[in-house]
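Reading through the structure tokens given below for one structure.
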Number of protein chains: 2
Amino acid sequence: MNGSEAEKDYLQSYQPGDYPSVALTADLVVFAVSGGVLQVALVRRGSHPFKGQLALPGGFVGPMESADDAAHRELAEETGLDLGHLPVHIEQLATYSAPLRDPRMRVVSVAHLVLLATDGTLPDVTGGSDAADAGWYPVYEILTGKRTSLAFDHSLILLEGLNRLAGKMEYTTVGSQLLPGEFTLTQLRTVYEAVWNAPMAPGNFTRKMTPQLEDTGKKTRAAAGGAPAALFRATEGHIHPPLARPRGQ
Amino acid sequence: MNGSEAEKDYLQSYQPGDYPSVALTADLVVFAVSGGVLQVALVRRGSHPFKGQLALPGGFVGPMESADDAAHRELAEETGLDLGHLPVHIEQLATYSAPLRDPRMRVVSVAHLVLLATDGTLPDVTGGSDAADAGWYPVYEILTGKRTSLAFDHSLILLEGLNRLAGKMEYTTVGSQLLPGEFTLTQLRTVYEAVWNAPMAPGNFTRKMTPQLEDTGKKTRAAAGGAPAALFRATEGHIHPPLARPRGQ
DNA sequence: CTTGTAATTGTCAGCTTGATAATTACGAAA
DNA sequence: TTTCGTAATTATCAAGCTGACAATTACAAG
């Protein structure tokens, strides 16, 4: 290849202004299970538009970050969790780019699904710069509109995040990411019940899930009443055939 | 809410320059099946970088377009297909935003999966502005690197597009989007074999798929040898349990 | 030692699967 | 028009899986 020709080609590529430019943000759908209920982290907006309404946490993607980098950084900033140590599951959900989704300017948002491992107690969430407040909210209450709907198109993003998680839990052990590294079958079943919003038969759940788990040999100290439960670790590998999600009544 | 206060809040939101800006493109993974082989549309780059290498078709997202709008427009521009009439399946795949994925500047790409309905003959593809050439290439040959790898991170995008399609065909009838509106079970089986790159037992395939299809009552005129086949239409609804994909030898 | 509760294992009829064979329906050659 | 080859479709069957539910085991607390 000719050097000067290559240089000429290179220089005539994209002139500034040839292309439309957008602001890129990373929004987070952060799930955790507490009290047998699936919860999502939301911030109350401190400025217009949608001032006072609940929204997903998020922020701009920096010039030398990927969207996934930004998602990790935002998560650390808003929860104060040490992500280098905690096993936190983050995966990209989808990108939302309707031209008028933010009335101020062109903002394209890459939504991410985040699963926080908790032992029943939710970590504090601190809103970002323009957030007045932040906290945990029950997903199914938010989605059924018992409370007011979310800012921007965040209700849709939350719904698609829930669908992604619920669907993936049919054929993977990703639900275990909402639990500590070692957990009992009852804890895992509780996660399924929280995400699917439906009860599961304990016996059949154990039978289907056990081959996907690695027995640590350890047992919990029995709670008030009941036998001690075995502690498991999740393994990789797809569940086939998948665990059937109870059909809507 | 106080009008002047609201206005003040509004005006002090995002000043230009407060946020990093990026160029947004929509890239297409366009699949079609021909001769029992899964094919992908690729263009040969006419300019640097990666001049002369194969790449996915794509282009910039316009100021008043969503990424999905742009995907539709690009597809129409590069195939000349009348998308208003043809049933073409388009869905978002994922967004690629590594800071240096394009050596020239910050380009974030929203990849889309496109399924073209064909009757065995592939439509012409005409590259975009900076494409020297365009055509159809066998997916599995491209991915196994028998040919040189694709420009940018497009090999990865292609792989993830294939995985998305292959996975979704386990539990939906989306594969029928690669066929005309009415098709035979053998045609549909051929699509599965092309995408999964594995043979399927005809009898069991029929048994499993039939409940997901609507019989048109029509039959094909028998080809040279063999009985005429019934023509079906796809229906919605998930296949449960899913069709098992043959495990890698 | 008894009781209550949770964990875990067992049972069973009915359904699904993979493998493979049998049957049916044509077009084309003899 | 009979025979032959091939593809479509249906059938068979043992093995595995499922949902529903019962039985057993293991603790803690009274």
Side-chain angles (χ1 to χ4, degrees), chain A residues 35-36 120 169-171 176 179 182-193 196 198-233 237-249, chain B residues 35-36 120 169-171 176 179 182-193 196 198-233 237-249:
Chain A
M169 279 170 51
E170 293 182 17
Y171 61 95
S176 67
L179 292 172
E182 299 184 351
F183 50 85
T184 68
L185 276 165
T186 296
Q187 286 181 296
L188 186 57
R189 184 165 47 80
T190 301
V191 166
Y192 273 83
E193 292 176 334
W196 286 354
M200 306 284 294
N204 296 338
F205 184 84
T206 296
R207 180 179 60 193
K208 180 74 181 176
M209 212 53 114
T210 301
Q212 312 297 329
L213 305 176
E214 177 192 354
D215 196 334
T216 64
K218 289 185 256 181
K219 300 232 170 209
T220 56
R221 186 160 305 280
L231 283 168
F232 296 89
R233 254 188 300 273
H238 284 198
I239 306 172
H240 189 84
L243 187 51
R245 177 150 44 144
R247 26 192 255 90
Q249 26 266 83
Chain B
M169 280 171 50
E170 293 181 18
Y171 62 96
S176 67
L179 292 172
E182 299 184 350
F183 52 84
T184 68
L185 276 164
T186 296
Q187 285 181 296
L188 186 57
R189 183 163 49 79
T190 300
V191 166
Y192 272 83
E193 292 176 333
W196 286 354
M200 306 284 294
N204 295 338
F205 184 83
T206 296
R207 178 179 62 192
K208 182 71 180 177
M209 214 49 118
T210 302
Q212 311 297 329
L213 303 176
E214 177 192 356
D215 195 333
T216 64
K218 289 186 258 182
K219 299 231 168 207
T220 56
R221 188 159 302 282
L231 283 167
F232 295 89
R233 254 189 299 273
H238 284 197
I239 305 173
H240 188 84
L243 186 51
R245 187 159 152 200
R247 24 192 259 91
Q249 21 270 80

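Within every chain, numbering begins at 1; the chains are lettered A, B, ... in the order of the sequence lines, protein sequences first and strands thereafter.
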Checklist entry - Is any N or O donor-acceptor pair between the side chain of A:Arg207 and the base of C:dG10 shorter than 3.5 Å? => result no
Item to check | Chi angles and distances behind the side chain to side chain contact (heavy atoms under 4.5 Å, CB included) call for B:Thr184, B:Arg189 | outcome: CA-CA 9 Å; B:Thr184 68; B:Arg189 183 163 49 79; over 6 Å; no
Checklist entry - Are any of the side-chain heavy atoms of A:Leu243 and A:Met200 separated by less than 4.5 Å? => result yes
Checklist entry - Quick one: is C:dT17 close enough that its OP1 or OP2 comes under 4.0 Å of any side-chain N or O from B:Lys208? => result yes
Item to check | Which residue lies more 5' along DNA chain C, comparing B:Lys219 with A:Gly203 via nearest heavy atoms | outcome: A:Gly203
Checklist entry - Are the side chains of A:Pro241 and A:Lys208 in touch, meaning some heavy atoms are under 4.5 Å apart? => result yes
Next on the checklist: Would you say the ring centers of A:Phe183 and A:Phe232 fall short of 6.0 Å from each other?
Outcome noted: no
Item to check | Side chains of A:Arg233 and A:Asp215 in contact at under 4.5 Å (non-hydrogen atoms) | outcome: no
Checklist entry - DNA chain C in dot-bracket, Watson-Crick or G-U pairs under 3.5 Å, [ ] crossing, | other strand? => result ||||||||||||||||||||||||||||||
Checklist entry - Do A:Thr186 and A:Pro202 have side chains that get closer than 4.5 Å, going by heavy atoms? => result no
Checklist entry - For the side chain of B:Pro228, counting heavy atoms from C-beta on, which of C:dG18, C:dA25, C:dA7 is nearest? => result C:dA25
Item to check | Upstream residue (5' side of DNA chain D) when A:Gly225 and B:His240 are each assigned their closest nucleotide | outcome: B:His240
Checklist entry - Do you know the tightest heavy-atom contact between B:Met209 and B:Leu185? => result CB-CD2, 4.1 Å
Checklist entry - Choosing from C:dT8, C:dC26, D:dC17, which nucleotide comes nearest the side chain of A:Ala229? => result C:dT8
Checklist entry - Distance check: side-chain N/O of B:Thr206 vs OP1/OP2 of D:dT9, anything under 4.0 Å? => result no
Checklist entry - Starting at the 5' end of DNA chain C and moving along, which residue's nearest nucleotide shows up first, B:Pro202 or B:Leu243? => result B:Leu243
Checklist entry - Starting at CZ of A:Phe205 and ending at C1' of C:dG10, how long is that distance when rounded to a whole Å? => result 19 Å
Checklist entry - With a 4.0 Å cut-off on heavy atoms, is A:Thr184 in touch with a base, just the backbone sugar-phosphate, or nothing at all? => result nothing
Next on the checklist: Tell me the interatomic distance from A:Lys218, atom NZ, to C:dA7, atom C1', rounded to whole angstroms.
Outcome noted: 19 Å
Item to check | Touch class at under 4.0 angstrom, heavy-atom based, for A:Ala201 against every strand present | outcome: nothing
Checklist outcome for this item: Among the nucleotides C:dT16, D:dG19, C:dT20, whichever has the atom closest to the side chain of A:Asn204 is D:dG19
Item to check | Between P of D:dA7 and CD of B:Gln187, the distance in whole Å | outcome: 15 Å
Checklist entry - B:Met200 has an atom CE; how far is it from atom P of D:dA7, in whole Å? => result 18 Å
Checklist entry - Could you state the CZ-P distance from B:Arg189 to C:dG18, rounded to the nearest angstrom? => result 15 Å
Checklist outcome for this item: note: A:Arg245, atom CZ; D:dT18, atom P; distance rounded to Å ~ 17 Å
